[in-house]
Structure formats: structure tokens, C-alpha cells
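What's counted below: heavy atoms across the whole structure, side chains too, no hydrogens, waters or symmetry copies.
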Amino acid sequence: GILSIGMKRTWSVWRGGRLRAILYARPRITALVFLTAILSLIFLSPWQLAVMQHESVHFKFAVWRAVGKSYQPAAGEYVMFIFSGDDPNGMGLKKGYSLTKRVGCTAGQVISVSNDGRFYCNGQYLGAALSRSPASKKNLVRAAFDGSPIPEGKVFMIGDIQTSYDSRYWGLADVNDIYGVVSLRI
């Protein structure tokens, strides 16, 4: 009752001040303060949470931040981008789809492909392309690379799993299509 609230207030003022007394004695105010803080972090923070809806990468949740058109990705970074290329295999990938992939190779680096479909960036193994889709059993066409360096403004995107549909099939992605960089993978 009244006596216990008064005792709590007195105790908290004695322990460190009026704010602590108000928050300790009034749980609704405390909840409102914390809710306001959480909502401020969500809506005012440059960081956002994304749920991965595909199995192309080895994580289900990503904390990411938006990047501008001048962003230059580094090999190994996970980025979010809008697909603007063509789907040569008819696998259902449409322009405007949002994808999350790892940057495998950047401008100035060289993509090479072995006869059996293994992809390398400057001699470092990236992954192998499948000749058939495991899901549809369709024959898959690999992207062609002639050993020239990747041009400025382009990147080679690759997923974490063997069956990822990525630059091994549809070619290079445009750096200007990247809108976010993943900072934390969960």
C-alpha cells in the first residue's frame, strides 16, 4: 500500500536520486521509457534487421545498414542488392528482386573458369557451377568469362551453398544496385 510505496521512494532517493525513485515506484513510466528508447533505436538507427527468405547464405537473420551509390564493396562482404540482370536459365529470377550474396570478386580482379565449371578469383577458389538444377532438373548455362579483369562498377556475387543461383550463372552485378551491407549475421 501507501507505506510500501513511500518506503521504496525513500530508499531509491537515498540510493541515487529522484529519477530512480520515479522509475522504481511507477512501473508504467518505466515501461514507457524503455518502449520509447527501443522504438527510437528501431526507427532512427541506420541499422536494420532482415530475415533471409532463401537458403543462398548460411545465416537466417542479418543486421544491415544502407549504403549510397558511392559505396565500393570489398571481396568477402555480404551485400544486399537489386537484381537488374537477365536470367539466362529461366529459373524465375526477375529484375527488381532483392538478393543477399557475398562479394566474391571486385573490379580489377580476374575470374577464371575451369573446364569442369570451377570458378576462381585471382586463382582463389570460389565455387563450382552445377550443370543441372537439382530442383527443376533443367540444364544450366554458366556465365562466360574470358579472363579479362572485372570492369569498374561490377562485382561477382556468390552464395554460400553449392546450389546458390548467382554470378556463376547470370554474370556480373552492378555496384550501383547495392543498397545495403550486412554487418552482423545471425
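Atom-to-atom distance recorded for Arg185:CZ and Phe61:CZ is 15.0 Å, nearest 0.5 angstrom. With rounding to the nearest 0.5 Å, the separation of OG in Ser183 from CZ in Arg65 is 5.5 Å. With values rounded to the nearest 0.5 angstrom, Ile158 atom CD1 is found 8.0 Å from Ser167 atom OG. Atom OG of Ser112 sits about 8.5 Å away from atom CG of Leu126, to the nearest 0.5 Å. With rounding to the nearest 0.5 Å, the separation of CD1 in Ile82 from CG in Asn176 is 12.5 Å. The distance from the CG atom of Asp166 to the CG atom of Leu99 is 9.5 Å, given to the nearest 0.5 Å.
With contacts defined as side-chain heavy-atom distances shorter than 4.5 Å, the pair Arg132/Leu140 does not qualify. A 4.5 Å side-chain heavy-atom check between Asn89 and Lys138 finds every atom pair outside the cut-off. Using a 4.5 Å cut-off on side-chain heavy atoms (C-beta onward), Glu77 and Tyr71 make contact. The closest side-chain heavy-atom distance from Ser56 to Tyr165 is not below 4.5 Å. In this structure, the side chains of Val182 and Val57 stay at 4.5 Å or more apart for every pair of heavy atoms. No side-chain heavy atom of Lys60 sits under 4.5 Å from any side-chain heavy atom of Ile186. Phe119 places none of its side-chain heavy atoms less than 4.5 Å from the side chain of Cys105. Side chains of Leu172 and Pro151 form a contact here, defined as non-hydrogen atoms less than 4.5 Å apart.
Look at Lys95 and Asp86 and you find a salt bridge, because one of the NZ, NE, NH1 or NH2 atoms lies within 4.0 Å of a carboxylate O, short of that distance.
Gln109 approaches Ala75 most closely through the heavy-atom pair OE1-CB, 4.4 Å. For Pro73 against Ile178, the heavy-atom pair with the smallest separation is CG-CD1, 3.7 Å. When all heavy atoms are compared, the tightest approach of Ala74 to Thr106 is C-CG2, 4.1 Å.
In the model, Asp160 has a side-chain atom that pairs as donor or acceptor with a side-chain atom of Tyr78 under 3.5 Å. No side-chain donor-acceptor contact under 3.5 Å links Tyr169 and Asp87. Side-chain N/O atoms of Asp174 and Ser84 include no donor and acceptor closer than 3.5 Å.
Cluster annotation: Leu130 and Met91 are assigned to the same hydrophobic cluster (Ile/Leu/Val/Met/Phe/Trp/Tyr, side-chain heavy-atom contacts under 4.5 Å, transitive).
Annotation: side-chain contact (heavy atoms from CB on, under 4.5 Å) contacts of Ala50 (sequence neighbours excluded): Met52, Trp64, Met80.
Below 30°, between 30° and 60°, or above 60°: for Phe81 and Trp170 the angle between ring planes is between 30° and 60°, a tilted geometry.
A donor-acceptor pair is defined here as one N or O able to donate and one able to accept, closer than 3.5 Å; no such pair exists between the side chain of Arg168 and the backbone of Ala143.
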Test side chain to side chain contact (heavy atoms under 4.5 Å, CB included) on Val79 and Met157; report intermediate values, then the result. CA-CA 9 Å; Val79 295; Met157 300 291 197; 3.4 Å; yes

Residues Tyr179, Ser98; criterion side chain to side chain contact (heavy atoms under 4.5 Å, CB included); working and verdict: CA-CA 9 Å; Tyr179 65 88; Ser98 177; 2.4 Å; yes

Yes or no on side chain to side chain contact (heavy atoms under 4.5 Å, CB included) for Ile150 and Phe145, after CA distance, side-chain angles and deciding distance? CA-CA 9 Å; Ile150 294 177; Phe145 293 95; 5.8 Å; no

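A ring-centre distance under 6.0 Å is found for Tyr120 and Tyr125.
For Gln162, the CD atom is densely surrounded, since the number of other residues' heavy atoms within 6.0 Å is greater than 12.
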